[in-house]
Amino acid sequence: MRVDDVSLDPGVPEMTDLIGKLSSAPSADAVFRSFMAGFGKVRPVHYFIGVVPEDSGDGFRVTYEVPVEAVVQGNVAAYRQAMPGDVAHLPVRSGGFVSEVLRQRKPLFASELDLASDTVFGARLSGMKTCMVLPVYEGTKVIEWALAFSRVPDATMLRGNFTQAMIVANLVTLAINHTDAITRIKRLNIQLRDQFDQVARLQQQLLPQRTPDVPGLQIATSYLTSDQAGGDYFDFLEFPGDRWGLLIADVSGHGAAAATVMAMMHAIIHAYPVPHTLASPRVSPDEILTYANRRLMQSGLDGNFVTAWMGIWEPEHSRLTYSNAGHPPPRLKHLGGHGASVIELDGDATFPLGISDVLDAQSSSRVLRPGETLVLYTDGITEAFDASRRMFSSVGLDRALVTCSGEVDCVIESVHGALYEHTRARTRADDQTLVAVRHTGLVAP
């Protein structure tokens with residue numbers, strides 16, 4: 001076997017340099033400039049013209065016109081006059097050599113040219129002896145013609161390069177369009193990211209900006225976002241008779257749609273017609289969830305649904321009345337600090353909001369003892385995965401709660417620490433919301 005080193009053969013270093021510049025060009029314009037400057041070093045082409053013919057007649061639009069030698073010397077900044085979407089805005093020209101060859105609508109090789117008096121391009125084509133009329137395709141349709149002119153009179157040599165030139169013209173056009181598409185996609189992604197960031201900021205503004213002073217309770221919250229706007233929602237509502245509502249909810253899905261439904265949920269909850277006289281029947285959590293479900297069904301969520309847990313705290317009796325619509329049940333840490341048991345705060349639960357007109361929500365009650373801590377959360381906590389695709393789960397959550405004191409700040413820190421130990425990641429696939437509520441046993445008169 002014989003192997004020859006051709007890396008320094010005529011044209012190879014220049015072609016290698018050209019390929020490197022084309023592959024690393026940051027924009028369609030840079031691809032075009034690099035090709036025009038580099039191709040003139042490896043092939044005897046001295047003038048390029050790109051044209052798009054009119055559907056009828058001899059008219060055409062010039063998409064680019066490049067004196068290659070000037071570009072090689074760096075004296076002229078070559079540029080595409082129009083990308084495909086802009087061609088219709090270019091002026092229509094007609095006559096001269098270009099109209100003559102375009103009438104045939106086929107690849108051509110023209111030689112023995114005398115174009116000094118061309119009616120469209122005039123002296124700019126003076127001295128050009130040959131021209132390759134190269135079709136540029138999109139699928140099987142010719143969308144543009146590339147005219148490659150040369151001063152070299154040796155028609156035989158240039159014609160032998162016709163097939164290669166036709167391939168190059170089409171590959172460069174593909175590279176230009178590909179790079180232009182990537183540029184547009186990046187620009188659109190930036191715009192979308194800005195819009196998602198705005199949605200996320202608006203979403204967070206709907207959440208409580210501070211924890212309220214609720215008699216008998218110590219409260220801490222945490223809301224950690226994913227890389228998209230999400231649908232987590234928590235809230236505190238003051239009712240007549242020194243009663244307080246605790247709400248946590250999670251809209252299915254991610255992105256702007258989930259954030260929009262979350263905003264709807266916020267508006268619905270705050271529009272609930274609360275009776276404002278002590279003589280009126282007291283509002284119950286199941287009634288509020290039933291009301292929210294009815295309003296969401298009227299809105300037509302089109303596939304979205306909302307899991308929600310609603311509790312009402314009565315400081316006078318240390319009683320929590322609650323209702324669950326498909327939401328992960330809260331955890332309750334008993335007395336005893338570190339090592340104290342953690343149980344699931346069960347009770348009759350129904351399916352999420354926004355699925356059926358009939359919700360059939362029920363309420364349950366429990367008296368909280370001083371020192372007990374209630375932990376509300378969304379499934380972004382329990383469904384966090386590690387590298388082996390194992391979920392943190394309610395077991396991991398309970399383990400984190402057992403090892404903390406039960407103080408609300410300790411709950412937040414312990415769960416966050418356990419989550420990081422599990423996932424080893426700073427980013428999240430879903431929003432993670434925690435609300436820790438501890439009964440202090442102190443109720444102001």
Side-chain angles (χ1 to χ4, degrees), residues 204 206-208 210-212 214 216-225 230-239 243-251 262 265-266 269 285-286 288-289 292 306-314 318-334 342-350 352-353 361 363-366 368 371-384 392-402 404 406-416 418-419 428 430-440:
Q204 293 183 42
L206 294 177
L207 300 175
R210 64 177 187 86
T211 56
V214 178
L217 297 182
Q218 184 185 59
I219 301 172
T221 65
S222 169
Y223 173 68
L224 301 178
T225 62
D232 279 15
Y233 172 44
F234 67 93
D235 214 339
F236 307 101
L237 304 103
E238 187 173 7
F239 295 134
R243 303 167 80 234
W244 283 85
L246 312 174
L247 174 69
I248 190 165
D250 187 3
V251 180
M262 178 270 200
M265 184 70 178
H266 177 276
I269 292 295
D286 58 278
I288 296 176
L289 294 183
V306 182
T307 68
W309 184 94
M310 177 82 194
I312 294 182
W313 169 247
E314 299 174 77
S318 297
R319 182 167 56 221
L320 180 70
T321 304
Y322 56 93
S323 184
N324 192 341
H327 196 80
R331 323 310 288 179
L332 183 66
K333 180 177 173 63
H334 285 313
V342 176
I343 65 168
E344 179 181 286
L345 190 64
D346 56 6
D348 291 333
T350 186
L353 311 178
S363 288
S364 303
S365 293
R366 182 185 182 92
L368 297 186
E372 289 187 323
T373 304
L374 179 71
V375 181
L376 314 177
Y377 59 96
T378 56
D379 61 11
I381 300 286
T382 52
E383 294 180 3
F392 185 62
S393 76
S394 59
V395 174
L397 176 59
D398 289 349
R399 188 181 298 117
L401 297 178
V402 165
C404 81
E407 294 291 334
V408 291
D409 289 337
C410 182
V411 167
I412 303 296
E413 292 173 5
S414 181
V415 173
H416 284 174
L419 273 172
R428 290 160 289 279
D430 194 4
D431 292 350
Q432 297 175 350
T433 301
L434 279 170
V435 178
V437 178
R438 183 178 177 86
H439 184 12
T440 63

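- A 4.5 Å side-chain heavy-atom check between Leu207 and Met262 finds at least one atom pair inside the cut-off.
- Between Ser394 and Thr382, the shortest heavy-atom distance links the atoms N-CG2, 3.8 Å.
- A distance of 7.0 Å separates CD in Gln218 from CG in Asp409, rounded to the nearest 0.5 Å.
- Take Glu238 and apply the side-chain hydrogen bond (donor to acceptor under 3.5 Å, both in side chains) test, not counting sequence neighbours, and it matches no residue.
- A pairwise comparison of heavy atoms in Ala308 and Leu289 identifies CB-CD2, 3.9 Å as the closest pair.
- In this structure, OG in Ser363 is found 9.0 Å from CD1 in Ile288, a value given to the nearest 0.5 Å.
- Interatomic distance, Thr440 OG1 to Ile219 CD1, rounded to the nearest 0.5 Å: 10.0 Å.
- In this structure, Val437 and Trp313 have side chains that are not in contact, with every pair of non-hydrogen atoms separated by 4.5 Å or more.
- By the side-chain hydrogen bond (donor to acceptor under 3.5 Å, both in side chains) test, Ser414 pairs with no residue at all, sequence neighbours left out.
- Note that the CZ atom of Arg399 and the SG atom of Cys404 stand 14.0 Å from one another [nearest 0.5 Å].
- Under the 4.5 Å side-chain criterion, counting only non-hydrogen atoms from C-beta, Val415 is in contact with Leu401.
- Under 3.5 Å, the side chains of Ser365 and Thr321 contain a donor-acceptor pair of N or O atoms.
- Contact between Leu353 and Ala325 at its shortest, heavy atoms only, is CD2-CB, 3.7 Å.
- Side chains of Tyr233 and Asp235: a donor on one and an acceptor on the other come within 3.5 Å.
- For the atom pair CZ of Phe236 and CG of Leu247, the computed distance is 9.5 Å after rounding to the nearest 0.5 Å.
- Residue Leu217 holds its CG atom at 10.0 Å from CH2 of Trp244, rounded to the nearest 0.5 Å.
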Side chain to side chain contact (heavy atoms under 4.5 Å, CB included) between Met310 and Leu237: does it pass, once the steps are laid out? CA-CA 10 Å; Met310 177 82 194; Leu237 304 103; 4.1 Å; yes
Would Gln432 and His416 count as a side chain to side chain contact (heavy atoms under 4.5 Å, CB included) if you check the C-alpha gap in whole Å, the side-chain angles of each, and the deciding distance to 0.1 Å? CA-CA 10 Å; Gln432 297 175 350; His416 284 174; 5.6 Å; no
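- In this structure, the side chains of Arg366 and Leu332 come closer than 4.5 Å at one or more pairs of heavy atoms.
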Between Glu344 and Arg331, does a side chain to side chain contact (heavy atoms under 4.5 Å, CB included) hold up when you go through it step by step? CA-CA 5 Å; Glu344 179 181 286; Arg331 323 310 288 179; 3.4 Å; yes
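- Glu372 pairs in a side chain to side chain donor-acceptor pair (under 3.5 Å) with only one of the listed residues (His439, His334, Lys333), which is His334.
- There is no side-chain donor-acceptor pair under 3.5 Å between Asp250 and Thr307.
- For Thr350 against Ala361, the heavy-atom pair with the smallest separation is CG2-CA, 4.1 Å.
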What do the steps show when you test Leu345 against Trp309 for side chain to side chain contact (heavy atoms under 4.5 Å, CB included), and what is the final call? CA-CA 11 Å; Leu345 190 64; Trp309 184 94; 4.2 Å; yes
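- The shortest side-chain heavy-atom distance between Tyr322 and Leu246 does not fall under the 4.5 Å cut-off.
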N/O donor-acceptor pairs under 3.5 Å from side chains in residues 373-380, not counting sequence neighbours:
from, atom 1, to, atom 2, distance (Å)
Thr373, OG1, Gly406, O, 2.7
Thr373, OG1, Arg438, NH1, 3.0
Tyr377, OH, Pro329, O, 3.0
Thr378, OG1, Asp232, OD2, 2.8
Thr378, OG1, Thr433, N, 3.2

